[in-house]
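See structure below.
The structure presented is a predicted model; accordingly, all values stated were derived computationally and were not measured. This chain uses plain numbering: 1 for the first residue, then up along the sequence.
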Amino acid sequence: MENVKRAIDKKGLEGKNIIVVHNKIDDDQTAYLKMMDQFQINLKTEEHLETPFVLFDKYFNETVQHLLKATHSNYETRQQQVDKERPEVIVVGCGLAGLVAAYESASQGARVTIVEKENKCFGNSIKASSAFNVVGSPAQKALNISDSAELFYNDTMKAGKQRNDKDLVTLLTASSLKAYEFLNENFGIELNELNANVSGHSELRSLIPKMKKEGRVMNVGATLVLGIMERLQEMRLVTIKNNARVTKLLKKKDRVVGVQLEQGDQLHAGSVVLATGGFSASSTLLQKYAKSKSKLPTSNGPQTTGDGITLGLEVGAKVIHMEAVQVQPTCIQNEKTNKTFYAPETFRQAGAILINSKGQRFVNELLSEPNEINRAIARHGRPTKMTSKAVFMLMNEEVMNELGPVANFYKNAGGLARYESIDELCSATSLPLQRLKKTLFLYQKYADKGVDPYRKRSFKTTFKQGPYYIVSTTPCVHYTMGGLKFNRHAQVLTKNKRPISGLYAAGEVTGGLHGSNRFTGNALLESVVFGRIAGASAV
């Protein structure tokens, strides 16, 4: 051992965590494989991991190269056998819920295959711009905000008109801080700013990020899915298959054991997690369950066709609250790209106002019930190339500053036009100049009084100064509360409330959690909380 001591002194490693091998190693492959596991040698790079520091004596140095060559293939063979023995999980869909489920399964030793019908991942999650609700976050503590899971529970039940599954809501609201810590500890995701422009909460608890990526400000949804994907790509146990649409769940007796793809291929596994999102872009399902909303545009991507719901129904799953479809009043329409983006209530909370083609306001923009605003737009809206009922949403620089970084996301998405003056704005949009000026003059008077004829009592701006921003908005289908009935273990249930063996679900594909209306900031939280549960339960 003297040579080892000298090496320690020479390298200045005294007091370090050092593992020393000093027994002679022969060509016995079993002993070699045990050694390889003990010292965690990377066979591809032939490098040691950073910790613990490993120091080998002369016997290792003399034999390691020979052993690497002699037993490399045997080690790989054994690793392949170990891989075969790992549980297999298939996750259908790679939005936030699917990515979280895949990570959780892989973290517990499973081999995971994510199957995604689109040519890229992220789904609608990447567009989410409202918030991520957390009770007890560092941001709350810094402001001495006294919040509780009970308050959060009550707010969520109120938003859902008390139709929510109480057990699921209890679990969701009690798990928010753990979800926050999970994101931070595993992916380095920082949600460190409270969004004050979210209504319905008893206390400020809705978090958004401050972080930037390559100079661009990211919305909260993009921050989550890109952060998780970066980590998943480092995990050898996760495979992603894009352009792979699932057409059928495979069953063996009463258990789901895999999926069949549109191309005819079959993938087998011990469990399947459905994370395919809602059905906002499915005219078929909307026509069947919510006919009055079936002709509205949607802020969701065209992939949001309820595939997981259809797959679940085919194996005996129960659906719940399918008629509950959330229509948001202010969705931005970009006629150049023919795309619709949801402009959340944060715009109106930050001071944006709605005006019709006559240059007049017609509603209290801060009404807590979106359908009241939708009905007002139906009465005052005008036809456009993309919809039969649209109005204008007017903002100025004060509103943009109040929105903070999220404003840049919408500027990049397109549709927002900027003008230095009201005269310039009216000239470009054909709005009547004098009538709009009168509308803004009266708005300033109402702000001074603290109330307007529509009983609005909050005025973040009075539009005295530009520059001004204007965009065409219309009601659109944004979220579907209905879906597969599930329990706190993320198991998909039958009509008899019995779990379907081997089948789990998380995210918007499920129903029951939100009741009649999804509470702002709960969609992303739900995907993390129940994505983790689904991934763990599937192993």
Side-chain angles (χ1 to χ4, degrees), residues 88-108 110-128 132 179 182-183 186-187 189 218-247 249 258-263 265 267 269 271-281 300-312 483-484 490 492 503-510 523-539:
E88 289 189 75
V89 176
I90 293 173
V91 177
V92 186
C94 65
L96 179 58
L99 293 175
V100 171
Y103 176 84
E104 193 67 31
S105 290
S107 296
Q108 298 196 26
R111 285 188 295 154
V112 183
T113 300
I114 300 176
V115 183
E116 168 59 47
K117 70 177 181 180
E118 296 295 298
N119 60 7
K120 59 183 179 181
C121 281
F122 310 134
N124 294 304
S125 302
I126 198 168
K127 298 190 291 183
F132 187 94
F182 164 78
L183 294 171
N186 292 282
F187 313 104
I189 293 171
M218 290 204 296
N219 55 301
V220 61
T223 298
L224 299 183
V225 294
L226 294 177
I228 295 171
M229 177 59 82
E230 185 176 349
R231 179 71 182 91
L232 273 180
Q233 289 174 338
E234 300 171 358
M235 299 180 71
R236 186 171 59 89
L237 296 176
V238 178
T239 301
I240 299 176
K241 290 182 178 292
N242 290 103
N243 299 306
R245 181 172 176 267
V246 176
T247 57
L249 294 175
V259 300
Q260 181 166 314
L261 304 182
E262 191 171 42
Q263 298 89 332
D265 298 340
L267 303 177
S271 301
V272 174
V273 177
L274 296 176
T276 54
F279 58 96
S280 293
N300 288 207
Q303 78 281 356
T304 319
T305 51
D307 294 10
I309 295 172
T310 301
L311 292 170
L484 301 174
V492 177
L503 187 60
Y504 304 86
E508 196 175 347
V509 71
T510 64
L524 295 176
L525 175 63
E526 167 198 14
S527 293
V528 174
V529 170
F530 289 102
R532 291 190 70 192
I533 293 172
S537 298
V539 177

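Formation of a donor-acceptor pair under 3.5 Å by the Thr510 side chain with backbone atoms of Leu484 is not found in this model. Checking side-chain atoms of Asp265 against main-chain N and O of Leu261 turns up no donor-acceptor pair under 3.5 Å. A distance-only check finds a donor-acceptor pair linking the side chain of Thr304 to the backbone of Gly301 [under 3.5 Å]. Under a 3.5 Å cut-off, the side chain of Asn124 and the backbone N or O of Gly277 do not form any donor-acceptor pair. Asn242 places no side-chain N or O within 3.5 Å of a backbone atom of Glu116 that could act as its donor or acceptor partner. With hydrogens and angles disregarded, a donor-acceptor distance shorter than 3.5 Å links the side chain of Thr223 to the backbone of Asn219.
Relative to the six-membered ring of Tyr103, Arg231 misses at least one condition, a distance below 6.0 Å or an angle of at most 45° to the axis.
Judged as a side chain to side chain donor-acceptor pair (under 3.5 Å), and not counting sequence neighbours, the contacts of Thr305 are Lys117, Asp307.
Heavy atoms only, all atoms of each residue included: Leu525 and Ala179 are closest at CD1-CB, 3.9 Å. Here the shortest heavy-atom pairing between Val259 and Val92 reads CG1-CG2, 4.2 Å. In plain terms, the two heavy atoms of Ser105 and Gly535 that are nearest each other are OG-O, 2.6 Å. Of all heavy-atom pairs between Ile309 and Gly483, the closest is CD1-CA, 3.9 Å. Scanning all heavy atoms of the two residues, the minimum distance from Ser271 to Ala538 falls at OG-O, 2.9 Å. Counting all heavy atoms, side chain and backbone alike, Glu508 lies closest to Glu526 at N-OE2, 4.4 Å.
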>> Between Val492 and Tyr504, does the side-chain contact (heavy atoms from CB on, under 4.5 Å) criterion hold? Intermediate values first, please.
In response: CA-CA 5 Å; Val492 177; Tyr504 304 86; 5.5 Å; no
>> For Phe182 and Val528: C-alpha separation, side-chain torsions, deciding distance, then whether side-chain contact (heavy atoms from CB on, under 4.5 Å) applies.
In response: CA-CA 9 Å; Phe182 164 78; Val528 174; 3.9 Å; yes
>> The test is side-chain contact (heavy atoms from CB on, under 4.5 Å); show your working for Met229 and Phe122 and say whether it passes.
In response: CA-CA 9 Å; Met229 177 59 82; Phe122 310 134; 3.8 Å; yes
> Are Val89 and Val91 close enough, and set up right, to give a side-chain contact (heavy atoms from CB on, under 4.5 Å), and what steps lead you there?
Replying inline: CA-CA 6 Å; Val89 176; Val91 177; 4.2 Å; yes
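Separating the CD atom in Gln263 from the CZ atom in Arg245 is a distance of 10.0 Å, to the nearest 0.5 Å. In this structure, the separation between CG on Leu226 and SG on Cys121 is 10.5 Å, given to the nearest 0.5 Å. In this structure, the separation between OG on Ser537 and CZ on Arg532 is 11.5 Å, given to the nearest 0.5 Å. One finds the CD1 atom of Ile90 at 5.0 Å from the CG atom of Leu267 (value rounded to the nearest 0.5 Å). Taking CD from Glu118 and CD from Gln303, the interatomic distance works out to 5.0 Å, rounded to the nearest 0.5 Å. A distance of 7.0 Å separates OG1 in Thr276 from CG in Leu311, rounded to the nearest 0.5 Å.
For the pair Val100 and Phe530, the minimum side-chain heavy-atom distance is 4.5 Å or more. When side chains are defined from C-beta on, Val220 counts as touching Leu524, because their heavy atoms get closer than 4.5 Å. Put simply, the side chain of Ile240 does not reach to within 4.5 Å of the side chain of Thr113, judged on heavy atoms.
Atom NZ of Lys241 sits in a sparse spot, with 12 or fewer heavy atoms from other residues, nucleotides or ligands closer than 6.0 Å.
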